[in-house]
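Residue numbers start from 1 in every chain, and the chains themselves are labelled A, B, ... in the order their sequence lines are given, proteins ahead of strands. Source: prediction; values computed, not measured.
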Amino acid sequence: MSIYDTLNEQQREAVFHTEGPLLILAGAGSGKTRVLTHRIAYLIEEQHVNPWNILAITFTNKAAGEMRERVDQLVGFGADSVWVSTFHSLCVRILRRYIDRIGYGTSFTIYDSDDQKSLMKEVCRKLNIDTKIYKERSLLAAISSAKNELVNPMEFELNVLGDFGKKKIAEAYKEYQRQLQSNNALDFDDLIMKTVELFQTCPDVLDYYHERFRYLMVDEYQDTNGAQFQLIHLLARKYHNLCVVGDDDQSIYKFRGANIENILNFEKAFADTKVIKLEQNYRSTQNILNAANEVIRNNTGRKAKTLWTENEEGTPILFHQFQTSFEEAEFVVGDIASKVREGEGEYSDCAVLYRTNAQSRVFEEKLVFAGIPYKLVGGVNFYARKEIKDLLAYLKTIDNALDDLAVRRIINVPKRGIGATTLGRIQDYADEHEMSFYDALKLADEIPALSRSASKVKPFVLFIQTLRSKLPFLSVSELLKEIIDETGYVRDLVAEDTEEAQGRIENIEELVNKVVTYEESAESPTLSGFLEEVALVADIDSLEEGSNYVVLMTLHSAKGLEFPNVYLTGMEEGLFPSYMSLHSDDPEKEIEEERRLCYVGMTRAMKKLYLTCARQRLVRGEVQYNPVSRFIKEVPSLLMESAGHKTDKLKEAQKNAAYAAAKTAFKSKAFEPRQFTVKKSEGLDYGVGDTVQHIKFGRGVVAAIVEGGKDYEVTVDFESAGRKKMFASFAKLKKV
DNA sequence: TGATCTGCGGTTTTT
DNA sequence: CCGCAGATCA
């Protein structure tokens, strides 16, 4: 009896096919991680491949960690030499070693999205780009998609000749990239793109990695983007031993540049590809699986496959529509509480999923009220918090003197009386003399424009220099503690004596703990190493096995996980599928991506799946009325039990009184097929989707109607004037 | 010149 | 409901 006997036929075939390109189309819950780990074991133990020559790439550290653990259990000897890594950390490791070949220093800093935005702000200021017209975020989005397709600033510029708007983006891209380089910093997309660049310009480096990684495996292949594809392609060029695992139905990262074509066209890109489909599901009940299959069936352009299972039929899927999002949350929390009370499961058996992070709040409140432990994944990243970013900026300043962004962030934190004007003068001087911001600070005395302010800069420079000189003798945690003491960061917070400050202090303590944990776990802890780890963690990575709490997260974060009980909440048109997807240039395509997301969500459930929605919910402080999601209608009613909302009579009466006006105006029907279709009210003779005429803006289409106090706030997409929000009583819109 | 207050606009998903 | 820019205060 060998470890491979427990695999099914297809799984075994995948494990034993070790040479040449292999595409494994693995449906949800079909045991793909099992296949990958067994495949690694087989390579080592039966094919006698040196573990050192195996590379497995995943998307999150959590997935990498799990794979590593399972390989360790499976393989007796040498498992720790197998390189299991995320795309990003793989690239960082390669770049730390060789990036000096392409014009960066090996102690580069990694910029997160906040850093990117600050840098872009600076770029726009410098280029006199009006950020009202070109928003930092949209500029960055354009640059990100360029990088994901490996388009460098020069190529970008050539591609947009004649297009004024895009020319501005090209300028911004060029300057943004120039500043990144002079700060010796890379953004997330650069990590991949620069690695590809390195391989393309330095054949000797590429060849080293060809020999190093003779067997490649890539998980979640459907979520790779153009740059990642190129990276894999380059690495596999010599030995062609590339095994990718993915499911086109679970491709949900198009917005991040993921190219579904990578999986659909894999066979074209790699000759003699062996394709194996894993269609047996080991996770969910038949009901859940059938429902998910029926939903995803509505998508076109997918690789045909149907998941089946030998698991029991299970109980029907439960669908509830509630009056408000509060009742929805109450139900979910109540249901979890009763499950645990009745001994039907643990808190950790339950996951609450939703489309947007903002939806977590109601659930949090109800969970806190009910005294149920929970873990919120996502939202504001721990490392994105102000106090954490401040302290990290000190560490970054010490680690990479060229990182202007970090220096500028903390030069006046705590307050040293150095304001915007002084900063501007120092920056001017630095620009003029082509030096870094920090180097200009060191020369503060010689900058005439600074006059008296120079004296304020000096202690800061001295402080940083002192820390830097101590660096060889201090551990990272000692360094951090010294920064906290010397700057008085915590002292000031204690003095504030507010709840908020208390929270920040706790976060700082948490940061210190994280440093200590890092020092204990890393082989040779360094400041750069810590900062790198910090830059590349995802929030999902913090989910620990074995802890007993309810998990709250977005559908995106839920990918790859499974839970006995899943509550898929906010199943409403405009929320899921999202408003954005419904109103995009190509709604068909974007709704298909939302549907895949729905499929991912449903297939997370092992035993019990709940689908819930609310007639009305508070979105950004406004009441919104959404019809039931189309995805609900795609679930055959045979598989689903629709329970009416069990609000008691008194509550119902109160609500009727409170929302009488709204209700008459917006009798949103539960199974109304069109999105946002609103019954014509007494006041308005037009509804969402109607074309209207405005006295000044001309013709347009009504995109949304929101009840706002006594009036209705109407959003209209005008043909010439663009999107406008207006009050119905003032706008005098006429239906055309 | 720097610190603080107020009004406005903007909002999916994340390594 | 939150962050940011501009105006005002010290």
Side-chain angles (χ1 to χ4, degrees), chain A residues 57-64 85-92 110-114 116-118 121 125 131-132 135-138 140-141 144 147-148 186-192 220 223-225 227-228 251-258 353-361 377-381 383-384 386 412 414-425 450-453 456 532-541 553-559 570 574-584 590 593-594 596-598 600-601 618-622 624 715 723-725:
Chain A
I57 307 177
T58 62
F59 272 81
T60 64
N61 295 298
K62 183 173 191 292
S85 166
T86 66
F87 268 105
H88 295 272
S89 35
L90 168 74
C91 289
V92 170
I110 300 164
Y111 278 0
D112 66 16
S113 44
D114 278 355
Q116 287 181 282
K117 208 177 157 204
S118 316
K121 209 177 261 176
R125 197 190 56 79
T131 51
K132 290 249 156 59
K135 303 209 171 51
E136 290 95 340
R137 284 188 49 141
S138 48
L140 285 167
S144 174
K147 289 183 176 180
N148 287 333
L186 303 183
D187 65 20
F188 282 128
D189 302 316
D190 279 340
L191 293 176
I192 315 287
E220 306 283 11
D223 286 325
T224 52
N225 61 35
Q228 288 161 333
S251 164
I252 55 172
Y253 282 109
K254 187 162 158 271
F255 72 93
R256 205 168 74 185
L353 308 183
Y354 36 76
R355 178 68 234 273
T356 66
N357 282 308
Q359 286 164 255
S360 67
R361 239 189 139 114
V377 178
V380 184
N381 189 319
Y383 294 105
K386 186 186 175 300
N412 201 30
K415 305 260 182 292
R416 298 184 175 95
I418 304 165
T421 319
T422 310
L423 244 65
R425 285 175 182 163
L450 286 190
S451 61
R452 288 195 338 275
S453 299
K456 294 176 180 168
E532 180 179 312
E533 196 170 291
V534 160
L536 296 177
V537 290
D539 208 43
I540 190 77
D541 300 335
M553 65 189 148
T554 63
L555 287 155
H556 282 89
S557 300
K559 196 175 66 160
L575 200 63
F576 188 37
S578 74
Y579 181 86
M580 285 303 216
S581 66
L582 294 169
H583 294 267
S584 67
E590 306 241 336
E593 173 127 336
E594 298 279 310
R596 289 194 290 272
L597 196 51
C598 182
V600 167
L618 234 41
V619 178
R620 297 199 298 272
E622 288 171 333
Q624 229 181 53
T715 309
R723 168 158 296 192
K724 300 277 178 210
K725 269 191 187 178

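At the heavy-atom level, Asn61(A) lies nowhere under 4.0 Å from the strands shown. Residue contacts shown for Lys386(A) are absent, as no nucleic acid heavy atom lies under 4.0 Å away. As judged by a 4.0 angstrom heavy-atom cut-off over every strand, Arg361(A) is placed among residues touching the sugar-phosphate backbone only. Using a 4.0 Å heavy-atom criterion, one finds that Phe255(A) contacts the bases of the nucleic acid, with or without backbone contacts as well. Using a 4.0 Å heavy-atom cutoff across all strands shown, Arg596(A) reaches no nucleic acid atom at all.
Residue Lys117(A) contributes atom NZ, which lies 17 Å from atom P of dT14(B) at whole-angstrom precision. Atom CD in Glu220(A) sits about 15 Å away from atom C1' in dT13(B), given to the nearest Å. Atom-to-atom, CG of Asn412(A) to C1' of dA3(B) comes out at 10 Å; the value is rounded to the nearest Å. When the P atom of dT12(B) is taken as reference, atom NE2 of His583(A) falls 13 Å away, rounded to whole Å. For the pair Gln116(A) CD and dT15(B) C1', the interatomic distance rounds to 11 Å; values are reported in whole Å. The interatomic distance linking Asp112(A) (CG) with dT14(B) (P) rounds to 15 Å, in whole Å. Here the P atom of nucleotide dT14(B) and the OH atom of Tyr383(A) are 18 Å apart, to the nearest Å. Counting to the nearest Å, the C1' atom of dT13(B) and the CD atom of Gln359(A) are 11 Å from each other.
If you check dT12(B), dT15(B), dG10(B) against the side chain of Lys135(A), the one that comes closest is dG10(B). Closest contact between the side chain of Glu594(A) and the listed nucleotides dG10(B), dA5(C), dT12(B) involves dT12(B). In the set dT12(B), dT14(B), dC4(C), the nucleotide with an atom closest to the side chain of Arg256(A) is dT14(B). The nucleotide whose nearest atom lies closest to any side-chain atom of Thr422(A) is, among dA5(C), dG2(B), dT14(B), dG2(B).
Within the 4.5 Å cutoff, no side-chain heavy atoms of Met580(A) are placed close to those of Glu590(A). Within the 4.5 Å cutoff, the side chain of Leu353(A) has heavy atoms near those of the Met553(A) side chain. A 4.5 Å side-chain heavy-atom check between Val534(A) and Ile110(A) finds every atom pair outside the cut-off.
For Ser557(A) and dT14(B), the shortest distance from a side-chain N or O to OP1 or OP2 is below 4.0 Å. Remark: Asn148(A) is not in phosphate contact with dT15(B), judged by side-chain N or O atoms under 4.0 Å from OP1 or OP2. Checking the phosphate oxygens (OP1, OP2) of dT15(B), no side-chain nitrogen or oxygen of Lys62(A) falls inside 4.0 Å. The phosphate of dT14(B) has neither OP1 nor OP2 within less than 4.0 Å of any side-chain N or O from Ser113(A).
Heavy atoms only, all atoms of each residue included: His556(A) and Phe255(A) are closest at NE2-CE2, 3.8 Å.
Residue Phe87(A) is tested with Thr224(A), Thr60(A), Thr58(A) for a side chain to side chain contact (heavy atoms under 4.5 Å, CB included); the sole match is Thr224(A).
Residue ring and base: Tyr253(A) does not count as stacked with dT14(B) (centre distance below 5.5 Å and interplanar angle below 30° not both satisfied).
Each of Ser581(A) and Lys415(A) was matched to the nucleotide of DNA chain B holding its nearest heavy atom; the match closer to the 5' end belongs to Lys415(A). Comparing Ile418(A) and Arg137(A) by the nucleotide of DNA chain B that holds the closest heavy atom to each, the one mapping nearer the 5' end is Ile418(A).
Taking the six-membered ring where the residue is Trp, the centroids of His88(A) and Phe59(A) are separated by 6.0 Å or more.
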